[in-house]
Amino acid sequence: MNEVSKKPRAIWGSKIAFILAATGSAIGLGNIWRFPMMVGRYGGAVFVLVYVLAVALIGFTVMLAELTIGRHTQKNPVGAFERIKPGTAWKAIGYLGVVTAVAILSYYAVIAGWAIGYVFKTAGGAFRDLGGAEAAAASASRAFDSFVADPLLVLVLLMGMIGMTAHIVSRGVREGIERWSKILMPLLFVIVVILAVRALTLPGARAGVSFYLKPDFSKLSGTVILFAVGQAFFSLSLGLGTMLTYGSYIRKSDNLVSSAAWVSFSDFLIAFLAGIIIFPTLFAIPGIAPEEGPALVFKVLPLIFSKIPLGQMFGLLFFLLLILAALTSTISILEVPVAYLVDEKKWSRRRAAWLVGGLAFLLGVPSALSSGGSALFTRLKIQDRMDFAFGSVSLAVGALLIAVFTGYIWKAKNAAQEIRLGAPRFRLEKAWSLAIKFLAPAVILIILIFKILKG
Ligand code: TRP
């Protein structure tokens with residue numbers, strides 16, 4: 001891959017290079033940690049169903065729009081809107097993205113830090129003997145609760161995660177990372193499949209399967225739709241300019257439609273399989289509630305490792321790969337403010353990466369301490385609130401503005417022209433135009449208004 005934005009208009013070496021980087025951005029904690037947490041909290045299978053629709057109809061639509069704006073302008077998010085509509089307020093979408101990126105990075109890196117901690121815990125044999133049945137869930141829970149309540153430890157891990165991210169972004173040594181993830185991400189997929197098969201064959205897994213896959217429509221609500229659509233944006237890296245930035249390095253001859261479809265599908269697949277691991281395990285080994293929240297997967301995963309031959313090795317490998325998956329995501333998040341500062345403010349890449357990284361660290365301190373490290377921050381549920389404000393609401397606002405901008409300001413037919421450069425037939429043109437002009441804005445607007453009214 002080309003070093004992003006030192007020579008600003010470098011392009012990806014190939015379509016595959018782009019797809020790897022974009023799936024690297026999309027696949028991360030959003031799939032393994034956030035998706036099961038949301039499913040558990042907001043209605044189980046009914047959430048999954050709404051999520052599938054949200055990815056296929058709205059996520060894909062907005063992703064294609066972001067990629068197209070990026071490739072057309074070949075700019076960072078702020079510069080891109082300025083380029084298409086100079087001297088207007090539309091570049092505010094870019095500024096919103098820059099701010100949201102720093103905020104998301106701050107608490108996302110906290111969770112990634114937990115994964116680092118779990119590598120050491122697993123290697124140290126902490127989950128080797130969890131005891132039988134009920135006792136297992138209780139001891140996995142206790143292990144997590146005491147781990148995240150150690151203020152110094154979580155801060156060091158947060159710093160480590162942000163430090164690695166800033167280092168990679170500042171040096172543009174991403175080529176190594178991309179090459180690694182080409183080998184290691186398929187490995188993550190294989191391990192996830194193995195764990196899913198084991199989870200499905202646990203005695204008592206059935207209740208979990210029906211919680212996950214048999215919709216109970218009485219649980220359908222505005223809240224479920226709000227979080228399912230929000231999760232689609234989060235998981236697909238939409239609404240803050242990540243895909244726009246990555247799109248700006250795509251060749252004109254590449255097919256944006258199939259790229260967007262491929263990225264959306266593989267991202268969905270990993271999240272779906274993560275659910276297949278978590279829910280059957282959770283119901284087969286009782287003691288943890290589906291509504292557990294951010295701790296959910298960290299409490300449930302050790303249980304499945306304890307039920308598989310070579311569990312300790314699988315656990316270790318799983319958390320290592322999860323860190324790598326998270327790293328390819330944090331890189332793409334930090335890339336947004338850094339590309340802006342380098343392109344528009346002429347900062348050096350190094351300075352931008354480390355200063356923004358430092359800011360994200362400071363902003364992440366309250367989140368890191370909100371799982372027991374500090375009584376006040378824990379009571380205020382800072383991390384959960386950050387995730388709601390930036391991971392759900394702010395991304396939805398960004399996606400809404402991107403849809404409106406593409407559909408009405410730049411105009412869907414101009415965007416379609418850019419898309420056709422690499423996809424001459426573009427058979428989805430009519431459907432996509434309708435979706436970007438009407439469906440996506442209407443759905444997002446309704447869920448945002450619903451949320452404001454409900455408070
Ligand atoms: N999609 C990533 C994940 O699921 C996180 C992420 C990367 C992201 N870039 C983003 C989320 C941009 C929102 C916006 O882990």
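Whatever order the structure lists them in is the order used to number ligands and atoms, beginning at 1.
The nearest non-hydrogen atom to atom 5 (C) of ligand 1, considering only Tyr108, Phe35, Tyr246, comes from Tyr108.
Under the 4.0 angstrom criterion for non-hydrogen atoms, Ser329 is in contact with ligand 1.
At a cut-off of 3.5 Å, with distance as the only test, a side-chain donor of Ser25 or Ser237 sits close to an acceptor on the other residue.
At the top of the distance list for atom 3 (C) of ligand 1, counting protein heavy atoms only, stands Ala26 O, 3.2 Å. Considering only non-hydrogen protein atoms, atom 7 (C) of ligand 1 sits nearest to Ser237 OG, 3.2 Å.
Residue-environment remark: CZ (Arg350) stays at or below the threshold of 12 foreign heavy atoms within 6.0 Å.
If you look at Leu395 next to ligand 1, the close heavy atoms, those under 4.0 Å, all belong to the side chain.
Every atom of ligand 1 with a heavy atom of Ser332 under 4.0 Å away is listed here by number and element: 7 (C), 9 (N). Atoms of ligand 1 found under 4.0 Å from any heavy atom of Gly30, numbered from 1 in the order shown, are 3 (C), 4 (O), 15 (O). Listed by number with element, the atoms of ligand 1 under 4.0 angstrom from any heavy atom of Leu240 are 12 (C), 14 (C).
The cationic group of Arg34 lies under 6.0 Å from the six-membered ring centre of Phe234 and within 45° of the ring axis, placing it in a cation-pi geometry.
Taking 4.5 Å as the limit, some side-chain heavy atom of Tyr108 sits within range of a side-chain heavy atom of Thr330.
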